[in-house]
Amino acid sequence: THWSPAQLAKEVAWVNTRFLGVPYLSALDYVLLGRIPFVGATGFVSQADKNIADNALEAVGTSYLSNRQTLSLSDGERQLLSIARALAQETKIILLDEPTAFLDFFHRRKLIGLLQEIAKEKNRAILLSTHDLHLVSEFQLPIIVINNQGNILQQEAIKSFEALEILLS
């Protein structure tokens, strides 16, 4: 609560469940919005900022979309752009709400692997909400389960879907 919006934007990136696109906004420009907390008073992004955005697009496999308008993209492509924007923000904490919701099986698996890699290699805290319990089990993700009464049950990584079913029952 003591952080200004600018300070918060340098510490925490947020990926909403759905990005609908913005008229006339290119995919690259959308990802560059993640760099806004770091631009100077002029508001111009540097070549270094553009390189960071290009790397984020490449990390999520969407470099080929950089010149396309966000309104022309599929829901899954826009979801990947939102994740690229969060990566370009280079924060210590990334919060994601249903990041795999609009992705096909291949991209879901790739994204979870990427997020695990970023958490380990770049020492970032990544917290995501998901209803995709098969991915939680497959990638042995640590989970926090919140029941209807608001009680929190924290578990280590779930090693099988069966163990997850037992936990949730």
Side-chain angles (χ1 to χ4, degrees), residues 1-22 25-63 65-66 70 76-103 107-133 135-146 150-158:
T1 58
H2 354 320
W3 286 347
S4 70
Q7 289 171 309
L8 183 61
K10 289 181 179 181
E11 299 294 327
V12 181
W14 165 250
V15 176
N16 200 0
T17 304
R18 190 170 200 175
F19 166 54
L20 297 176
V22 175
L25 183 67
S26 74
L28 177 59
D29 288 339
Y30 177 65
V31 173
L32 280 167
L33 290 176
R35 300 304 304 156
I36 294 300
F38 306 98
V39 298
T42 63
F44 291 108
V45 294
S46 68
Q47 185 58 49
D49 292 318
K50 289 178 184 175
N51 292 343
I52 290 167
D54 286 337
N55 290 339
L57 283 164
E58 187 175 326
V60 299
T62 56
S63 294
L65 298 174
S66 64
T70 57
E77 289 169 332
R78 287 193 302 260
Q79 186 68 13
L80 290 171
L81 285 184
S82 293
I83 294 162
R85 181 195 38 79
L87 297 180
Q89 204 169 328
E90 294 189 320
T91 59
K92 296 175 187 172
I93 301 167
I94 303 172
L95 305 175
L96 305 103
D97 184 17
E98 294 285 346
T100 61
F102 298 102
L103 303 180
H107 285 97
R108 286 179 192 175
R109 295 183 83 241
K110 184 178 176 186
L111 175 63
I112 296 299
L114 173 66
L115 293 174
Q116 282 186 317
E117 180 182 314
I118 289 168
K120 289 177 186 173
E121 291 181 9
K122 297 187 177 186
N123 198 29
R124 303 233 177 110
I126 298 177
L127 181 65
L128 62 91
S129 67
T130 186
H131 289 95
D132 194 341
L133 300 180
L135 276 180
V136 170
S137 173
E138 179 182 349
F139 283 89
Q140 299 183 9
L141 300 175
I143 65 168
I144 298 171
V145 176
I146 303 171
N151 298 322
I152 298 174
L153 175 60
Q154 185 172 351
Q155 291 288 323
E156 294 299 317
I158 301 299

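- Taken to the nearest 0.5 Å, the CG atom of Leu28 stands 10.0 Å off from the CG atom of Leu33.
- Between Leu65 and Leu57, every side-chain heavy-atom pair lies at or beyond the 4.5 Å cut-off.
- Of all heavy-atom pairs spanning Ser129 and Asp97, the tightest one is OG-OD1, 2.7 Å.
- Once rounded to the nearest 0.5 Å, the distance linking CD of Gln89 with CD of Glu11 reads 10.5 Å.
- The two atoms that bring Ala84 and Ala56 nearest to each other are O-CB, 3.3 Å, heavy atoms only.
- The distance from atom OG1 of Thr100 to atom NE2 of His107, rounded to the nearest 0.5 Å, is 12.5 Å.
- Here the closest non-hydrogen pair linking Pro37 and Ala6 is CB-O, 4.5 Å.
- Of all the heavy atoms in Ala53 and Ala88, the pair that sits closest is CA-CB, 4.3 Å.
- Residues Val15 and Gln79 have side chains in contact (heavy-atom distance under 4.5 Å, counting atoms from C-beta outward).
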For this session: In sequence, state the C-alpha distance, the side-chain angles, and the governing distance for Leu114 and Leu87, and then conclude on side chain to side chain contact (heavy atoms under 4.5 Å, CB included).
Result: CA-CA 11 Å; Leu114 173 66; Leu87 297 180; 4.2 Å; yes

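- The backbone N or O of Thr62 sits nowhere less than 3.5 Å from a side-chain atom of Glu77 that would complete a donor-acceptor pair.
- Under 4.0 Å is where a charged nitrogen must lie from a carboxylate oxygen, and between Glu90 and Arg35 at least one such pair does.
- Summarising the geometry of Ile93 relative to Thr91, their closest heavy-atom pair is O-OG1, 2.7 Å, with the distance given to 0.1 Å.
- The OH atom of Tyr30 sits 10.0 Å away from atom CZ of Arg78, with the distance rounded to the nearest 0.5 Å.
- Taking 4.5 Å as the limit, some side-chain heavy atom of Gln47 sits within range of a side-chain heavy atom of Asn51.
- Between the CD1 atom of Ile94 and the CD1 atom of Ile83 there is a distance of 9.5 Å, given to the nearest 0.5 Å.
- For Glu58, the CD atom counts as loosely surrounded, since its 6.0 Å shell holds 12 or fewer non-hydrogen atoms of other residues, nucleotides or ligands.
- The backbone N or O of Leu25 lies less than 3.5 Å from a partner atom in the side chain of Thr70, making a donor-acceptor pair.
- Distance CH2/Trp14 to CZ/Arg85: 10.5 Å, rounded to 0.5 Å.
- When all heavy atoms of Phe102 and Thr17 are compared, the closest pair comes out as CE1-O, 3.4 Å.
- Side-chain contact between Val60 and Leu81 is absent, with no heavy-atom pair separated by less than 4.5 Å.
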